[in-house]
Amino acid sequence: MNYWLFKNEHEDFSIDDLAAARGKKTHWDGVRNYQARNFMRDDMRVGDLGFFYHSNCEVPAVVGIIEIVREAYPDHTAFDANDPHFDAKSDPDDPRWFMVDVKMVRKLDRQIPLKEIKDHADKLEGFHLIQRGNRLSVMPVKPKHWKLILSLE
DNA sequence: GCCAACGTTGGC
DNA sequence: GCCAACGTTGGC
């Protein structure tokens, strides 16, 4: 089983929005970065777990745990000219962008701020989130890194 | 295929 | 709101 981290802007779709969603599920649409897409399309399996992370907000933090419940399928928002993530170059017959479905496992008892995670940088070598200039919105998390971060809860 | 210009991300 | 870092675009 693999572990992941999913970033989202708090204002756009927060952990509470997921908690309020029907079935506490959502499709993770709008990823328009090839590296992130490849992780979703090629490596995510049903049952994998992911951190839900709030970015670009007052306290960037890991706030919850989610589970992959459907493996990659075409991101239909790329075909919708009215969608902010519309991409004219994604052909429905040969889709460029993919998404997965995730469901809430649980909200963390306490959010784990990026700042605290960075305090353990010496034990988080290779963790994309704390690398300089990192902009990946979907990234893998090593099991030992997953464990360490959860131990901070 | 290079690379400057541009738009976006995201921490601070 | 600033700005460094990055990915993408497009002219050549």
Side-chain angles (χ1 to χ4, degrees), chain A residues 2-21 26-44 48-68 72-102 104-142 144-153:
Chain A
N2 291 315
Y3 295 100
W4 305 95
L5 181 142
F6 292 80
K7 266 188 209 171
N8 223 5
E9 297 203 16
H10 177 272
E11 287 189 17
D12 188 22
F13 188 85
S14 74
I15 190 77
D16 291 322
D17 292 325
L18 178 60
T26 190
H27 47 248
W28 206 268
D29 61 62
V31 172
R32 297 290 180 271
N33 168 284
Y34 289 104
Q35 203 181 347
R37 177 207 65 183
N38 292 347
F39 286 136
M40 286 202 299
R41 187 191 58 186
D42 303 335
D43 300 326
M44 272 186 200
D48 284 358
L49 296 178
F51 283 135
F52 194 118
Y53 177 84
H54 285 163
S55 69
N56 211 358
C57 54
E58 198 175 339
V59 183
V62 171
V63 294
I65 296 175
I66 56 182
E67 179 180 350
I68 312 300
Y73 60 107
D75 181 345
H76 57 76
T77 65
F79 312 135
D80 178 359
N82 295 319
D83 192 280
H85 300 294
F86 174 64
D87 180 1
K89 291 177 192 154
S90 187
D91 177 354
D93 293 326
D94 183 20
R96 174 180 294 200
W97 305 114
F98 290 80
M99 58 189 181
V100 297
D101 287 355
V102 302
M104 172 82 103
V105 172
R106 66 182 182 90
K107 191 172 164 176
L108 296 189
D109 297 336
R110 176 184 92 82
Q111 62 175 20
I112 303 168
L114 176 63
K115 208 169 148 223
E116 286 185 34
I117 294 171
K118 282 184 167 171
D119 289 341
H120 301 268
D122 57 329
K123 287 172 249 151
L124 292 169
E125 200 180 340
F127 186 35
H128 297 269
L129 189 70
I130 59 169
Q131 279 167 6
R132 190 159 136 268
N134 146 69
R135 291 173 57 181
L136 270 180
S137 62
V138 174
M139 66 185 74
V141 180
K142 292 183 176 132
K144 61 179 176 183
H145 294 168
W146 176 276
K147 229 177 182 177
L148 173 69
I149 292 163
L150 259 192
S151 76
L152 304 177
E153 185 179 4

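Labels below follow one simple rule: chain letters A, B, ... track the order of the sequence lines, proteins then strands, and each chain is numbered from 1. Note that the structure is predicted; figures quoted are calculated from it, not measured.
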Is any side-chain N of the basic residue among Glu116(A) and Arg110(A) closer than 4.0 Å to the acidic one's carboxylate O? yes
What is the distance, to the nearest angstrom, from the NE2 atom on His54(A) to the P atom on dG11(B)? 12 Å
Could you tell me the separation between the CG atom of Asn38(A) and the C1' atom of dG7(C), rounded to a whole number of Å? 14 Å
Reference residue Tyr3(A); test ring-ring contact (aromatic ring centres under 6.0 Å, His included); the match among Trp146(A), Phe127(A), Phe51(A): Trp146(A)
Protein-nucleotide distance (Tyr34(A), atom OH; dT9(C), atom P), rounded to Å: 6 Å
To the nearest Å, how far apart are Gln35(A) CD and dT9(B) C1'? 15 Å
Rounded distance in Å - CD (Gln131(A)) to P (dG11(B)): 14 Å
Taking the six-membered ring for Trp, are Trp97(A) and Tyr34(A) closer than 6.0 Å centroid to centroid? yes
How many Å lie between CZ on Arg32(A) and C1' on dG7(C), as a whole number? 15 Å
Is there a donor in the side chain of Thr77(A) and an acceptor in the side chain of Asp75(A), or the other way round, less than 3.5 Å apart? yes
With a 4.0 Å limit, can you tell me whether Arg132(A) has a side-chain N or O closer than that to the phosphate oxygens OP1/OP2 of dA4(C)? no
Let's see if you can work this out: which of dT8(C), dC12(B), dG10(B) has an atom nearest to the side-chain heavy atoms of Ser55(A)? dG10(B)
Would you indicate, yes or no, if dT8(C) has its OP1 or OP2 atom less than 4.0 angstrom from a side-chain nitrogen or oxygen of Lys89(A)? no
Between Tyr53(A) and dT9(B), does any side-chain N or O lie under 4.0 Å from OP1 or OP2? no
Report the distance from atom CG of Asn33(A) to atom P of dT9(C), rounded to the nearest whole Å. 12 Å
Is a salt bridge present between Glu153(A) and Arg106(A), judged by a nitrogen-to-oxygen distance below 4.0 Å? yes
Rounded distance (Å) that lies between atom P of dT9(B) and atom CD of Glu11(A): 14 Å
Under 4.0 Å: is that the gap between some side-chain N or O of Lys7(A) and OP1 or OP2 of dT8(B)? no
Heavy-atom nearest nucleotide on DNA chain C for Asn56(A) versus Asn134(A): which residue maps closer to 5'? Asn56(A)
